[in-house]
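Positions are given from 1 along the sequence.
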Amino acid sequence: MADSTGDDTDVLYFVSSLMTLIVGLVVHSFIIGVNVSDWWRGRSVTPVDLIVTSLGISRMCSQSTITLYIILMAFFRRYLDIVFVILLIFNRIYDFFTYVNIWLTSLLSIVLCLKISNLHTRLFLYLRRMILPRTGRLIVASIISSAVSSLIILFAITEVNYSEIYNETTDNHLTDCIEVHSLYLYTVGTFFPLIFYCISSVLLFVSLYHHTTRMKMSSNLSINLETYYSAMRLVSITFTYNTMYLAGHFTTAFYFYLNCVILTWLSIVLEVLPALHSSYLIYRTAKLRSQMSKVLQGVMDFFLPRKDEETRENIEIVIM
């Protein structure tokens, strides 16, 4: 009975992760395709486009890695002592892309703050001149930093024993499983991007808030504040997403550290959040929103032909 329950749970995890992967691949590949297509046509590349495209690639790789990990855990449960090395590699690859996602989200917040904020201090203007033209180098630096953090966690693992496995509940219980210092290193690896992200997000939101307040007090009816409100909503939603994403990963790492239990369901949920955030980026970005409208219109025209087209086809048939 317990084996049957465990098999059903594994199938549920597999189906859920696969559906999440499909949705994520569609959303992220759309962002990548639109931006790459523009670059291919010789259009200008903005720092935001470069970061969003890199973030989409990282999120696709992250979802693919965790899906393969769940497949191995679901269908090779009885042979985990054999596929342990493969699982360990997938786990570290997933950690790497998680770090990349966190760093790139922080970099996106910093770039938006430098581009949108109306601060004019000497330090702010210096950072704007230094950071915006070097966005590509900062993306590479983020990737290198993520790789170093992942390798440090890999070398910090002192003992992982998958030889005794039991399945009394719906989660994957692993006994005698110890990852010394990995939780602390995970905390250190996310500390600096989290600090940068919080500072830039707060500065941008406060700057937009004060600016809109001054514009309201000016009583100028010709001023449209919707653009500023949209930017404030983007900052708020991204901040909420990043908080939930980090809190979920800390919960997973801390729970595994205490109980040696892999919260597979939480890992699947955590991969839904980037897809939702990317969907919101499509909605808030004029270029992406326009292309998405064209795609959706094309799909609707394919499955639901317009009446004028049907009428034209009927006329052509009658003439023939």
Check the angle between the aromatic planes of F196 and W103 and answer parallel, tilted or perpendicular using the 30° and 60° thresholds. tilted

Evaluate the ring planes of F239 and Y197, with Trp represented by its six-membered ring, and classify them as parallel (under 30°), tilted (30 to 60°) or perpendicular (over 60°). parallel

In this structure, would [X] and [Y] fall into the same cluster of hydrophobic residues linked by side-chain contacts under 4.5 Å?
X    : Y    : value
M19  : L273 : yes
I237 : V202 : no
F30  : L296 : yes
Y255 : W265 : yes
I57  : V34  : yes

Table please: side-chain donor-acceptor pairs of residues 83-90 below 3.5 Å, with sequence neighbours left out.
none

Just by modelled atom types, is the Y209 backbone N or O under 3.5 Å from a matching donor or acceptor in the T212 side chain? yes

So, S17 side chain and F14 main chain: donor-acceptor pair closer than 3.5 Å or not? yes

Smallest separation among heavy atoms of [X] and [Y], with atom names:
X    : Y    : value
P47  : L132 : CG-O, 3.8 Å
V45  : W39  : CG2-CD1, 3.0 Å
L114 : R128 : O-NE, 2.7 Å
V52  : L108 : CG2-CD1, 4.3 Å
T251 : A247 : OG1-O, 2.7 Å
Y99  : S149 : CE1-CB, 3.7 Å

Given N101, which of S58, S54, S106 fulfils the side chain to side chain donor-acceptor pair (under 3.5 Å) condition? S58

Might you work through the side-chain contact (heavy atoms from CB on, under 4.5 Å) test for R284 and Y280, ending with a clear yes or no? CA-CA 6 Å; R284 291 312 321 167; Y280 185 75; 3.2 Å; yes

So do Y126 and T121 actually touch side chain to side chain, heavy atoms under 4.5 Å? no

Any heavy-atom pair between the side chains of I31 and N35 that's under 4.5 Å? yes

Measure the [atom1]-[atom2] distance between [X] and [Y] for me, rounded to the nearest 0.5 Å.
X    : Y    : atom1 : atom2 : result
I110 : I51  : CD1   : CD1   : 8.5 Å
I70  : T65  : CD1   : OG1   : 11.0 Å
L208 : S230 : CG    : OG    : 10.5 Å
N242 : T105 : CG    : OG1   : 5.0 Å
L234 : H277 : CG    : NE2   : 6.5 Å
S267 : I66  : OG    : CD1   : 4.5 Å

Might you confirm whether atom OH of Y283 has over 12 heavy atoms from other residues, nucleotides or ligands at distances under 6.0 Å? no

M232, CE: over 12 other non-hydrogen atoms inside 6.0 angstrom: yes

Does the ring center of H249 lie less than 6.0 Å from the ring center of F254? no

Can you confirm whether or not the ring centre of H120 sits under 6.0 Å from the ring centre of F124? no

According to salt bridge (charged side-chain N to carboxylate O under 4.0 Å, His left out), who are the partners of K287, at least two apart in sequence or on a separate chain? D38, D49

Applying salt bridge (charged side-chain N to carboxylate O under 4.0 Å, His left out) to R233 and not counting sequence neighbours gives E226

Please report the C-alpha distance between M60 and I32 in whole Å, then the side-chain angles of each, then the deciding distance to 0.1 Å, and finally whether the side-chain contact (heavy atoms from CB on, under 4.5 Å) criterion is met. CA-CA 10 Å; M60 287 179 61; I32 298 170; 3.5 Å; yes

Can you list the steps and then say if H28 with Q63 is a side-chain contact (heavy atoms from CB on, under 4.5 Å)? CA-CA 11 Å; H28 303 318; Q63 281 194 290; 3.6 Å; yes

Test side-chain contact (heavy atoms from CB on, under 4.5 Å) on L112 and S200 and set out the steps. CA-CA 8 Å; L112 289 176; S200 58; over 6 Å; no

Have S109 and S201 got a donor and an acceptor in their side chains that come within less than 3.5 Å? yes

